[in-house]
Amino acid sequence: MDFVQTITLSALCSHLLVGLSRAMILFVVTSGMSFVLGVLRVPNVAHGSLYMIGAFAAFSISNLFGGGSTGFWLALILSPFVVALVSLIAERSLFCHLYEREHLMLLLFTFALMLILGDLVKMVWGADYRSIMAPEYFRGSVTLFDAPFPRYNLFLLVMGPLVAVGLWLFSNKTKIGKIARAAAVDREMVGAIGINVSWVFAFAFVLGCFLAGLGGALVAPTVSITIGMDHDIIIEAFLIVTIGGLGNMWGAMVGSLIFGITQSFGILFLPQFAIVFPYLAVVIILIWRPTGILKSVW
Amino acid sequence: MSKGIFSLKSFGPIAALLIALVILPSIIPRFYIYILAVIFVTALLAMSLNMVVGHGGLFQFHHGAFYGVGAYTVALMLTKTSLPVWVGFVAAPFVAAFVGLLIGLFCVRLTRLYFGMLQISLGSLIWAIAFRWYSFTGGDDGIHGIPLPSLISSTTGAYYFGLILLIISLIVMFLIFKSPFGATLQAIRDNPERCEAIGINVRRHQLIAIVIATFFAGIAGVLFVVVEGSVFPDLLFWVFSLEIFVMCLLGGWFTFAGPILGAAIMISLRTFAGIYTEYWTMILGIMLILLIFFLPEGVWGYLVEKFGFQRKKSLEKERQ
């Protein structure tokens, strides 16, 4: 049985790069989820739906401005804000009234949000497959390690670390970021010194969803945009934040890298079961370290 | 043992309901018989989930995985082997319980949300395998046209088979619920630290509860195959698992029979909403939000609170 094809060094390297760029997308999405987890201590089940809305919004915005370079950049900048607006509405109208309740209710609320947003997307955009084009200079591929590598993926490889550094600077160097981290540790204390905790939570939630939208906009040129993409990403995001350590941003990075690279190597070694490899990696890691690789903020 | 184990007061309504359920198939159209059979399956599944969620206080987020494992076991044994049918029927709950034990072993080391997220991960692994392994599980198409004995292959046959299995399972579950083990489990739910302090092995109790619950989920899986005659990976998908979770919430976590009501309401709503609209999940979402805000105790819990079964109230007071 020779179902493992001969693997050359260049194939290894190019799959590593593909895995890395996939990991960057995953990181952008999961860093947002991790941020919400860290501050609100709620796994946002609707995170995948917001990611999907980000991708669909990118499609619409890009079309509105006639595609091309302008359309792409405007879509990339504007669609996260569209998603942030959606999440702000949901948060201020309903979610914020639940902060005093037990966490399970918060989680179930985000599940309800996922169900509603999923159907809203179906109503607004329909069930067709959509795609958008990256601008001219991101199309095609460059040769790295004797193997073609899409230019757009190079862009992703730059964007991931940028988001990581930005988020780190934000939560460690700005006042609001510090307040958010403090509220995660001791909500009552933060409230006692005169800070409106509800708005801090709102801010954290919206920022997390903003990142989901950014992830959706970033992934849009590489995949076919369709309903159902929320279900796939959310379970991956759950796994990643779990193995990384709940609420730890660098944990999200580590988890994304593990997930992206095992998936990509899985495609190389055993294409049919590529989907199983990352799950297996997750199982092994959780047996080894039940609460994730890095320290959870909980 | 018969229905006598239920309190004397509720004996009348339960007997009436049973008689009605036995007679119904001869008067209602076939479609409704089918819907009722689906409700039986789902009710059993929701009840088994509630054993760990409502009574055990565990975040069993991926219960559907065990249901699916049970259903797939039956389907595979009936289509791929020439063993007698009943072997598959008996094996399925045990396989489900075994998988429950395996996954439970890892999960009980963790608490609360970590428990739930780890379970979603491990359950999704099972889903991924079923989804991709075309040559064995049929991949995303699933397995159709599973050969069933003629006695239970008709809708009415499946209905009675489901009803009997449901009743037996409910009686066993009720006995467990009322047993010292059930009481300990509920005590662990209410205060795990204190239980640990008085020398109860919390993790072992939780693990046993998971195994029992997954066993019943396996039975529900068998019933699913009997009613539908097919299996598909959606059974193992986490969204469906959360839907079962919502059924428990809808009926009422902390009541014994609540999940049956929850399952019945959900299945009826889905069936009849499905006729008029394709946006069933949105309705479900809105319903869930309404539940969270206005009816966190569930329908049954609300009825108990509102119209008060005296017995339960006095119990509550004792507990306080």
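A note on names: the letters A, B, ... follow the listed sequences, proteins ahead of strands, and every chain is numbered from 1. Both backbone and side-chain heavy atoms feed into the values below; hydrogens, waters and symmetry mates do not.
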| request: Go through the atoms of Leu120(A) and report whether side chain, backbone, both or neither lie under 4.5 Å from a heavy atom of chain B. | output: both

| note | Residue from His97(A), Met123(A), Met114(A), Arg101(A) scoring the most non-hydrogen pairs under 4.5 Å with chain B is Met123(A)

| said: Under a 4.5 Å cutoff for heavy-atom pairs, which residue among Val241(A), Val282(A), Val283(A), Leu104(A) has the most contacts with chain B? | reply: Leu104(A)

Is [X] close to chain A through its backbone or its side chain, or both, or neither, when contacts mean heavy atoms under 4.5 Å?
X         : value
Phe61(B)  : side chain
Tyr279(B) : both
Leu291(B) : neither

| Testing Leu117(A), Asp119(A), Leu115(A) for side-chain contact (heavy atoms from CB on, under 4.5 Å) with Met282(B), which one passes? | Asp119(A)

| said: Testing the basics here: between Gly285(B) and Ala112(A), what is the closest heavy-atom pair and its distance to 0.1 Å? | reply: O-CB, 3.4 Å

| note | Scanning both residues in full, the closest heavy-atom pair of His231(A) with Trp238(B) reads O-NE1, 3.9 Å

So [Y] and [X], do their side chains get closer than 4.5 Å, heavy atoms only?
X         : Y         : answer
Phe109(A) : Leu288(B) : no
Leu107(A) : Phe59(B)  : no
Ile126(B) : Tyr279(A) : no

Interatomic distance, [X] atom [atom1] to [Y] atom [atom2] [nearest 0.5 angstrom]:
X         : Y         : atom1 : atom2 : answer
Ile120(B) : Leu239(A) : CD1   : CG    : 8.5 Å
Phe95(A)  : Ile292(B) : CZ    : CD1   : 9.5 Å
Leu286(A) : Leu122(B) : CG    : CG    : 7.0 Å

| note | Interface check, chain A: of Phe106(B), Phe131(B), Trp280(B), most non-hydrogen pairs under 4.5 Å belong to Phe106(B)

| task | Take atom OH of Tyr129(A) as the centre, draw a 6.0 Å sphere, and report whether it contains more than 12 heavy atoms from other residues, nucleotides or ligands. | result | no

| field | Atom CZ of Phe98(B): over 12 foreign heavy atoms under 6.0 Å | value | no

| field | Stepwise side chain to side chain contact (heavy atoms under 4.5 Å, CB included) test for Trp127(B) and Ile235(A) | value | CA-CA 11 Å; Trp127(B) 168 79; Ile235(A) 209 75; 5.6 Å; no

